[in-house]
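In what follows, a structure is listed as structure tokens, so that the remarks can point back to it.
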Number of protein chains: 2
Amino acid sequence: MSVPGATRIAYTPERLLAVAVEVFNLRGYDGTSMEDLARATGITKSSIYHHVRSKEELLRLAVSRALDRIFAVLDQPAARTGRAIDRLEHVVRASARVLVDELPYVTLLLRVRGNTATEQWALERRREFDRVVATLVARAVADGDLDDTVEPRLATRLLFGMLNSAVEWYEPARADATADLGAAVWRLASAGLRRRPAGS
Amino acid sequence: MSVPGATRIAYTPERLLAVAVEVFNLRGYDGTSMEDLARATGITKSSIYHHVRSKEELLRLAVSRALDRIFAVLDQPAARTGRAIDRLEHVVRASARVLVDELPYVTLLLRVRGNTATEQWALERRREFDRVVATLVARAVADGDLDDTVEPRLATRLLFGMLNSAVEWYEPARADATADLGAAVWRLASAGLRRRPAGS
């Protein structure tokens, strides 16, 4: 992973973060040392400490980036007004775009386990997001737009489990079949895969 | 994680594996050292080496256990004969049972990243499983039982993405709402969440 001549690259905090996230995703956060980060960036550990106080600060910056984007979705007008089922559809589609746009950051966020204070905080923020979505699902059930066969929290977990699984297989390079990940997820979650006779 | 007086417990290979899997899932495979395993089991590293040659051998034993169970599903009569959509339903429901029954082992399998030969092998086996399922999905589309709006490989990934996400949130202790994980997954994937007028 070391870049020949990389010592001559001026490392911006942004660039340092991008490389750190790449290494965290490859080796796991716990499995990554500051030495690994120094090797991957081609700059010294003390140069890294010039930008951040610790490995955990890099993790916090990275998961914050993903969380800020994903929570911004909930503030968009289409997520805040209108029928619950339409707001839910918007949240699913917009979250899919965040996942694709910020793939390494969202990947890291979803792999966080909770061994540090930062990880605990990220898990709590994720639960907060899930609670908002579960409330939308419950409201759409109350509106009569969603079926009540699957309990709202379970439905939320399955819906976002399906979407979030994309961090494990989404390939930006061959995005043809997955061009609109959000559309495919919403299609499957709302209508299911089973073919119905025309007109039903 | 150390167990007081654990040195007096006779460690069977099975029990050693169970503890190792627990630690791998907590700290990540890369982030776990043989020292960590010795601490968690309360036995010495040389006692561990009496059972296995390496950390990677523990990983291989653990993911093999999950893979053997999951591939056994494909050999069951209900997965091999009958209409493709019914075979698919069986595979989803039986895979959900494997996930619940072998939760720590399946969790580890799904977190494998591919940094070692064992991980590469496990990933290849997972891809093999996905190919078999994608073939079933494609056949069910050809039979006219599944809609062709979502491409079969993408549908397979979303279907199993949804199911596999359960390793992150399934709680055996409060299995009430998730009692039949496979039924909920199949319900959502086949019929979707959207409520349809009675009789359609």
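No experiment lies behind these values; they were computed from the predicted model shown. Chain letters run A, B, ... following the sequence lines, proteins first, then strands; residues in each count from 1.
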Under 3.5 Å, side chain of [X] to main-chain N/O of [Y], donor-acceptor pair present?
{"X": "A:Lys55", "Y": "A:Leu37", "answer": "no"}
{"X": "B:Arg153", "Y": "B:Glu151", "answer": "no"}
{"X": "A:Tyr29", "Y": "A:Glu56", "answer": "yes"}
{"X": "A:Glu102", "Y": "A:Val98", "answer": "no"}
{"X": "A:Arg87", "Y": "A:Ala79", "answer": "yes"}

Select one option (side chain, backbone, both, neither) describing which atoms of [X] are under 4.5 Å from chain B's heavy atoms.
{"X": "A:Asn25", "result": "backbone"}
{"X": "A:Val150", "result": "side chain"}
{"X": "A:Thr149", "result": "side chain"}

Residues in residues 160-168 of chain A near chain B [non-hydrogen atoms, under 4.5 Å]
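Residues in range: A:Gly161, A:Met162, A:Ser165, A:Glu168.
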Under a 4.5 Å heavy-atom cutoff, which of B:Gly28, B:Gly31, B:Ala191 has the most pairs with chain A?
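Top count of heavy-atom pairs under 4.5 Å with chain A: B:Ala191.
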Go through B:Asp148, B:Asp30, B:Leu193 and name the one with the most non-hydrogen pairs under 4.5 angstrom from chain A.
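Ranked by contacts with chain A, first place is B:Leu193.
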Taking atom CG of A:Asp143 and atom CD1 of A:Ile85, what is their separation to the nearest 0.5 Å?
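Interatomic distance, A:Asp143 CG to A:Ile85 CD1, rounded to 0.5 Å: 8.5 Å.
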Gap separating the OH atom of B:Tyr105 from the CZ atom of B:Arg65, nearest 0.5 angstrom:
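These two atoms lie 4.0 Å from each other.
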Inspect the surroundings of CZ in B:Arg139 and state if more than 12 heavy atoms from other residues, nucleotides or ligands are less than 6.0 Å away.
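Check fails, neighbour count at 12 or below.
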salt_bridge(B:Asp145, B:Arg83) N-O dist < 4.0 Å
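A salt bridge links B:Asp145 with B:Arg83.
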Ionic contact status for B:Glu89 with B:Arg93, cut-off 4.0 Å
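A salt bridge is present here (some side-chain N lies under 4.0 Å from a carboxylate O).
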Select all residues of residues 114-133 of chain B having any heavy atom within less than 4.5 Å of some heavy atom of chain A, and report them by number, or 'none'.
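The residues closer than 4.5 Å to chain A, in numerical order, are B:Asn115.
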Does A:Arg80 form a salt bridge (charged side-chain N to carboxylate O under 4.0 Å, His left out) with A:Asp75? I'd like the steps, not just the answer.
CA-CA 7 Å; A:Arg80 299 178 61 91; A:Asp75 285 332; 3.5 Å; yes
Could you go through the side-chain hydrogen bond (donor to acceptor under 3.5 Å, both in side chains) check for B:Thr32 and B:Arg27 one step at a time?
CA-CA 6 Å; B:Thr32 303; B:Arg27 306 178 51 90; 4.5 Å; no
Heavy-atom pairs under 4.5 Å with chain B, option from A:Gly192, A:Ser33, A:Gly144 with the top count:
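Highest number of heavy-atom pairs under 4.5 Å: A:Gly192.
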